[in-house]
Amino acid sequence: MFRMISDIGTDAMKDEAKLARMNTLQSDIEGIYAKATVSFSDGQTLALEPGLTQLMASSRNYTKLQEAWIGWRDNTGKLMRDKYADFVTLSNEGVSSLGYHDTGEYWRSWYESPTFEPDLQKLLEELKPLYSNLHTYVREKLMDLYGRDKFPTSGQIPAHLLGNMWAQQWNNIYDLVIPYPDKTSVDVTPELKNQSYTPLRMFRTAEEFFKSLGLLPMPDRFWNKSIIVKPTDRKMVCHASAEDFYNQKDFRIKMCTDINMEDLVTIHHEMGHIQYFMQYKDQPVPFRDGANPGFHEAVGDTLALSVATPKHLQTIGLLNSVENDEGSDINYLLSMALEKIAFLPFGYLIDQWRWSVFSGETPKDKFNDKWWELRCKYQGVSPPVERTSTDFDPGAKYHIPSNTPYIRYFVSFVVQFQFHKALCEAAGQTGPLHKCDIYRSKEAGTKLGDMLRLGSSKPWPYAMEALTGQPNMSAKALMDYFAPLTAWLEKQNAGKQVGWQDACSNQRHAP
Ligand SMILES: CC(=O)N[C@@H](CC(=O)O)C(=O)NC[C@H](CC1(C(=O)N[C@@H](Cc2ccc(O)cc2)C(=O)O)CCCC1)C(=O)O
Ligand SMILES: [Zn+2]
């Protein structure tokens, strides 16, 4: 407890003037991101939410997508590079008085493990074959649609074609890659609109899932004080977030909710944070935190793994028919892979880049080269147009200007499948993991609640063992979940060139 109280991060900066300068740089950088818009050649001007997000998700116009992709980076990252470099120097100075070599070392200390970095690398390597198979399948489909001459001979996928501004999740191009179009497709967005769901009803639906497990309901103050639609009377950073006011009563979400499946999942994610806040609210303040930051990110997503199943969606009236055949199964697993597998290298590389910047390994003039070195190697995506060292593409992703650590999401995307497997067993679900729905299982809820109430009072391996019966992070549950899809993808990719070269080439395939 004493160690946690004294671990105050960059606020340990001794020099008041430098502390003020660091905070000014941070708020300047965040301001650039918050105010950014893109003005198109056709006169349209869009903000990130909802305009650019919806364009990147739904447009199939190569040039329009490219214009949005370049415009967003010109109006965010490109304007931050010098300030960010100065911020990094001051941030490192701030934590040095706590004995950390740099900010990256401080951030990694939250995982309390001397083998944290090699453990992460091993997980990514175990998951690489599954990612490569998904990447190859998607790339072939996109080449058919956009033409081979748009794709580099080194095998990467141009980053603006994957349905997301950062190519971090590919669920929005599901319609372009759906394996069995005549079978059940899981996207319930149209149904949410047909049934005129409101943001409030989406939040109530999520709350009902938590309550069905015997977990805590959202308190009245939550419903009175949260902001769940984009306000018209003030500016607000629309990036969803959950806040703990550390007074054992006030817990809130702010979010600019869209009526679609993606936001229904996000609502569960944010409500997972609130549930954790409430479960550990009686711990001493230093223990009112996740067992590690990845655990905090995994709570809501774990429950959403049940909610997203066709069976559950039918139970809550969002899907009228569920076919139990191989085609529907593969359709569902592929839609989940576009959200969960696609994310893994992205979740890994953000802080690989940032740790290398904090440590001094990557100097300012190499910021963008290092970023694309990692994007080309780990994620197998390429820039649609040539990038230069005056660009600063990492700054186009919220978590860099907001200085929010990111490896927590890679950890979460691995451990959430371990949690899901453990809760499914507690709920007495015996079938394939991807069909499990823990809805209404008080046994599962009790097991989860017991772990959440620990907060950060025990080392995370203790919490992991309490929930799953063993203390380590493991990719096995994730690979078990997607096993039927792995076999199917290997058959689909037979005879195809699987994977990509580490470096992106400038050369493109012949038409
Ligand atoms: C006071 C404070 O800071 N509170 C923290 C929570 C805490 O630390 O207590 C907080 O609210 N952080 C905001 C952040 C928002 C989101 C996010 O940034 N997600 C990542 C990665 C991802 C993507 C898909 C997915 O399914 C899960 C994760 C991204 O969008 O790239 C955006 C929507 C989802 C989660 C969050 O909730 O984690
Ligand atoms: Zn989160």
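For this chain, numbers begin at 1 and follow the sequence in order. Values below: every heavy atom of this structure, side chains too, minus hydrogens, waters and symmetry copies. First listed ligand is number 1; within each ligand, the first listed atom is number 1.
For the Zn ion (ligand 2), protein N, O or S atoms closer than 2.8 Å were enumerated as H269 NE2, H273 NE2, E297 OE1, with waters left out.
The immediate protein surroundings of ligand 1, defined as residues with any heavy atom under 4.0 Å of it, consist of Q168, Q169, H239, A240, S241, A242, E243, T266, H269, E270, H273, F277, H296, E297, D301, K397, H399, Y406, Y409, F413.
In this structure L55 satisfies the side chain to side chain contact (heavy atoms under 4.5 Å, CB included) test together with F40, L46, S59, K64, L65, A68, sequence neighbours excluded. Listed by chain and number, the residues in a side-chain hydrogen bond (donor to acceptor under 3.5 Å, both in side chains) with H434 are D329 (sequence neighbours excluded).
Between D450 and K447 there is no salt bridge, since no side-chain nitrogen of the basic residue lies less than 4.0 Å from a carboxylate oxygen of the acidic one.
Note that NE2 of H268 and NE2 of H273 are 14.0 Å apart. Values are rounded to the nearest 0.5 Å. Atom CZ in F251 sits 6.5 Å away from atom NZ in K281 (nearest 0.5 Å).
M261 places none of its side-chain heavy atoms less than 4.5 Å from the side chain of E191. Contact annotation: the side chain of L344 never approaches that of Y131 to less than 4.5 Å [non-hydrogen atoms, C-beta and beyond]. At least one side-chain heavy atom of R375 sits less than 4.5 Å from a side-chain heavy atom of L349. Using a 4.5 Å cut-off on side-chain heavy atoms (C-beta onward), F346 and K397 make contact.
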